[in-house]
Amino acid sequence: MPPIMAIAHRAGNDPIGLRTALDAGVDLVEADIHLFKGAIEVRHMKTLGPDWLWDTWILKRRRDIVLPELHEVLTAANGDSRLMLDLKGPAAALAPRVASLLREAAPDAPITVCTKQWKMLDSFEDPVRRVYSSSNRFTLGRLRARVRRQPAYGVSIRRELLTPAIVAELRESVEVVMVWPVDTPEALAHARRLGVTAVISKNLDLLREVMAG
């Protein structure tokens, strides 16, 4: 069986984390992409009105933190195409804006774009690698039907939703089956049993184990 791809979850959300993950040799580095007041922001935290950002047990004022924009992340990558941009939120303008920026900044790079808003992927052309994401059973059913009709580069699915049979089915239609979260040895062992081709993890030491085979 081919080696499992190692994907650094959220590591691309700041230039230091991006360089650390790339230097560690991972296959892809994920960055969360949002559109806010015309700016393409790179962040995992969600908005709470115009002035606040939040995540589990965290609440911060926007004015107290510096959020990188996508062009800064692309600059930090310095031509490395090992990026996976996870497009967040329903903003219809996000995907065309990101696609335009990639055509300007990295026209020949096979950067990966992932989203739960599948319509957004229509904005991207080769060599961008398009990945459909699912986090619940309803959308997983729709995703399975979609890739049967129209094979794709990849899918990214919450690990608990999958079985070895579903993974085997998906691998008939896509090149890469990614799962998340895979942050513990137990989760990695489960991912291996499922037969997936890529794991998404915040645990860089665990990803080093994956890369070591």
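Here the structure is a predicted model, which means the values were calculated and not measured.
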J.: For Glu72 and Thr75: C-alpha separation, side-chain torsions, deciding distance, then whether side chain to side chain contact (heavy atoms under 4.5 Å, CB included) applies.
T.: CA-CA 5 Å; Glu72 297 175 88; Thr75 299; 5.5 Å; no
J.: Looking only at atom types and distance, does a side-chain atom of Ser100 sit under 3.5 Å from a main-chain N or O of Pro96, one as donor and one as acceptor?
T.: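 No: the side chain of Ser100 does not pair with the backbone of Pro96.
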J.: Answer yes when Arg130 and Asp126 have at least one side-chain N-carboxylate O distance shorter than 4.0 Å, and no when they do not.
T.: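 So Arg130 pairs with Asp126 through a salt bridge.
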J.: More than 12 foreign heavy atoms under 6.0 Å from CD1 of Ile16: is that the case here?
T.: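 Check fails, neighbour count at 12 or below.
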J.: Would you check if the side chain of Thr115 reaches a backbone N or O of Leu87 as a donor-acceptor pair within less than 3.5 Å?
T.: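 Side chain of Thr115 to backbone of Leu87: a pair is present.
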J.: Strictly distance-based, threshold 3.5 Å: is any side-chain N or O of Thr197 a donor or acceptor partner for the main-chain N or O of Val177?
T.: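 Flag set: sc Thr197 to bb Val177 pair under 3.5 Å.
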J.: Distance from Arg10 atom CZ to Lys202 atom NZ, nearest 0.5 Å?
T.: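 Answer for the CZ-NZ pair, Arg10 versus Lys202, is 5.0 Å.
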J.: Is a side-chain donor or acceptor of Asp55 paired with a backbone partner of Ile58 at a separation under 3.5 angstrom?
T.: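 Here the side-chain-to-backbone pair does not exist.
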J.: Ignoring hydrogens and geometry, is there a side-chain-to-backbone donor-acceptor pair from Asn13 to Asp32 under 3.5 Å?
T.: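 Yes, the answer is positive, given that a donor and an acceptor are paired below the 3.5 Å cut-off.
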J.: Given the rule that I, L, V, M, F, W and Y join up when any side-chain heavy atoms are under 4.5 Å apart, are Leu143 and Leu162 in one cluster?
T.: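 Yes: a chain of side-chain contacts under 4.5 Å links Leu143 to Leu162.
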J.: So, for Ala8 and Ala21, which heavy atoms are closest and what is the spacing to 0.1 Å?
T.: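 For Ala8 and Ala21, the tightest heavy-atom pair comes out as CB-CB, 3.9 Å.
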J.: Quick check against the 3.5 Å criterion: does Arg158 have a side-chain atom that pairs as donor or acceptor with the backbone of Glu160?
T.: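 It does not hold such a pair.
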J.: Check whether any side-chain N or O of Arg171 sits under 3.5 Å from a backbone N or O of Gly195 as a donor-acceptor pair, and report yes or no.
T.: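 Judged by distance alone, yes, a pair lies under 3.5 Å.
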J.: Please evaluate residues Glu104 and His71 with respect to the criterion side chain to side chain contact (heavy atoms under 4.5 Å, CB included), reporting the C-alpha separation (whole Å), side-chain torsions for both, the decisive distance (0.1 Å), and the verdict.
T.: CA-CA 10 Å; Glu104 295 174 7; His71 69 88; over 6 Å; no
J.: If every non-hydrogen atom of Ala99 is compared with every non-hydrogen atom of Ser123, which pair is closest and at what distance?
T.: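 It is CB-O, 3.4 Å.
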J.: Verify, without hydrogens or angle tests, whether Glu175 (side chain) and Gly154 (backbone) share a donor-acceptor contact under 3.5 angstrom.
T.: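 Judged by distance alone, no pair lies under 3.5 Å.
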J.: Got a sec, which residues hit side chain to side chain contact (heavy atoms under 4.5 Å, CB included) with Ser133, two or more places apart in sequence or on another chain?
T.: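 So Ser133 forms a side chain to side chain contact (heavy atoms under 4.5 Å, CB included) with Cys114, Lys116, Ser156, Trp180.
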J.: Taking everything shown except Lys60 itself, do over 12 heavy atoms lie less than 6.0 Å from its NZ?
T.: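 Count not over threshold, so no.
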J.: Would you say the side-chain atoms of Ser201 pair up with the backbone N or O of Val182, donor to acceptor, closer than 3.5 Å?
T.: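 At least one qualifying donor-acceptor pair exists.
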J.: Could you measure the distance from the CG atom of Leu67 to the CZ atom of Arg43? Nearest 0.5 Å is fine.
T.: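 Spacing of CG (Leu67) from CZ (Arg43) equals 6.5 Å.
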J.: Identify whether NZ of Lys or CZ of Arg in Arg62 sits under 6.0 Å from the centre of the six-membered ring of Phe36 and within 45° of that ring's axis.
T.: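 Judged by the rule (NZ or CZ under 6.0 Å from the ring centre, within 45° of its axis), Arg62 counts as positioned above Phe36.
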J.: Mind checking the OG-CG spacing from Ser135 to Leu161? Nearest 0.5 Å is all I need.
T.: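 Here the interatomic distance stands at 7.5 Å.
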J.: Determine, using the 4.5 Å side-chain heavy-atom cutoff (strictly less than), whether Leu140 and Leu121 are members of one ILVMFWY cluster.
T.: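 Looking at the clustering, Leu121 is in the same group as Leu140.
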J.: Apply side chain to side chain contact (heavy atoms under 4.5 Å, CB included) to the pair Val131 and Val113, showing each step before the final yes or no.
T.: CA-CA 6 Å; Val131 175; Val113 176; over 6 Å; no
J.: Are Val147 and Met178 connected into the same hydrophobic cluster when the rule is that any two of I, L, V, M, F, W, Y join if their side-chain heavy atoms are below 4.5 Å apart?
T.: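 Cluster IDs for Met178 and Val147 differ.
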J.: Give me each pair satisfying side-chain hydrogen bond (donor to acceptor under 3.5 Å, both in side chains) with a member in residues 136-154, each pair once, sequence neighbours excluded.
T.: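 Counting only pairs at least two positions apart or across chains, the side-chain hydrogen bond (donor to acceptor under 3.5 Å, both in side chains) contacts touching residues 136-154 are Tyr132-Arg146, Ser134-Thr139, Asn136-Thr139, Arg144-Glu169, Arg148-Glu169.
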J.: At what distance, to the nearest 0.5 angstrom, does CG of Asp80 lie from CG of Leu74?
T.: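 Those atoms lie 11.0 Å apart.
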J.: Given side chains that start at C-beta, do those of Glu41 and Ile33 come closer than 4.5 Å, heavy atoms only?
T.: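 They are not in side-chain contact.
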J.: Do Val29 and Ile200 sit in the same hydrophobic cluster, where Ile, Leu, Val, Met, Phe, Trp and Tyr count as joined when their side-chain heavy atoms come under 4.5 Å apart?
T.: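 Cluster IDs for Val29 and Ile200 differ.
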J.: Taking transitive links into account, so neighbours of neighbours count too, which hydrophobic residues share a cluster with Leu48 at under 4.5 Å side-chain distance?
T.: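 For the cluster that includes Leu48, the remaining residues are Trp52, Trp54, Leu59.
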J.: Between Leu188, Val179, Val196, Val199, which is the residue that forms a side chain to side chain contact (heavy atoms under 4.5 Å, CB included) with Arg159?
T.: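 Answer to the side chain to side chain contact (heavy atoms under 4.5 Å, CB included) test with Arg159 among Leu188, Val179, Val196, Val199: Val179.
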J.: Between Gly89 and Gln117, what is the shortest heavy-atom contact and its length?
T.: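 Distance-wise, the nearest heavy atoms are O-CG, 3.6 Å.
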J.: Would you call Leu83 and Thr112 a side-chain contact if the rule is heavy atoms closer than 4.5 Å?
T.: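 No, too far: nothing below the 4.5 Å cut-off.
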J.: Using modelled atom types only, decide if a donor and an acceptor are shared between the side chain of Arg82 and the backbone of Leu22 within a distance under 3.5 Å.
T.: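 Pair found, side chain donor or acceptor close to backbone of Leu22.
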J.: What is the minimum heavy-atom distance between Val42 and Gly12, and which atoms define it?
T.: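 Closest approach of Val42 to Gly12, heavy atoms only: CG1-O, 3.6 Å.
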J.: Kindly indicate, with the supporting measurements, whether the criterion side chain to side chain contact (heavy atoms under 4.5 Å, CB included) is fulfilled by Leu28 and Met5.
T.: CA-CA 8 Å; Leu28 289 173; Met5 293 174 61; 3.9 Å; yes
J.: Would Arg19 and Asp23 pass as an ion pair if we require N to O under 4.0 Å?
T.: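 Salt bridge present between Arg19 and Asp23.
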J.: Could you grab the distance from atom CD1 of Ile111 to atom CZ of Arg129, nearest 0.5 Å is fine?
T.: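 So the gap between those two atoms works out to 10.5 Å.
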J.: Taking all atoms of both residues into account, what is the closest heavy-atom pair of Pro68 and Val73, and its distance?
T.: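 Closest approach of Pro68 to Val73: CB-CG2, 4.5 Å.
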J.: Please round to the nearest 0.5 Å and tell me the distance separating atom NE2 of His9 and atom CG of Asp183.
T.: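 One gets 8.0 Å once the value is rounded to the nearest 0.5 Å.
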J.: What's the shortest heavy-atom distance between Ala24 and Met211, and which atoms?
T.: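 Scanning both residues, the minimum pair turns out to be O-CE, 3.4 Å.
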J.: Verify the cluster assignment for Val26 and Met84: are they in a single hydrophobic cluster under the rule of side-chain heavy atoms below 4.5 Å apart?
T.: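 Unlinked, Val26 and Met84 end up in two clusters.
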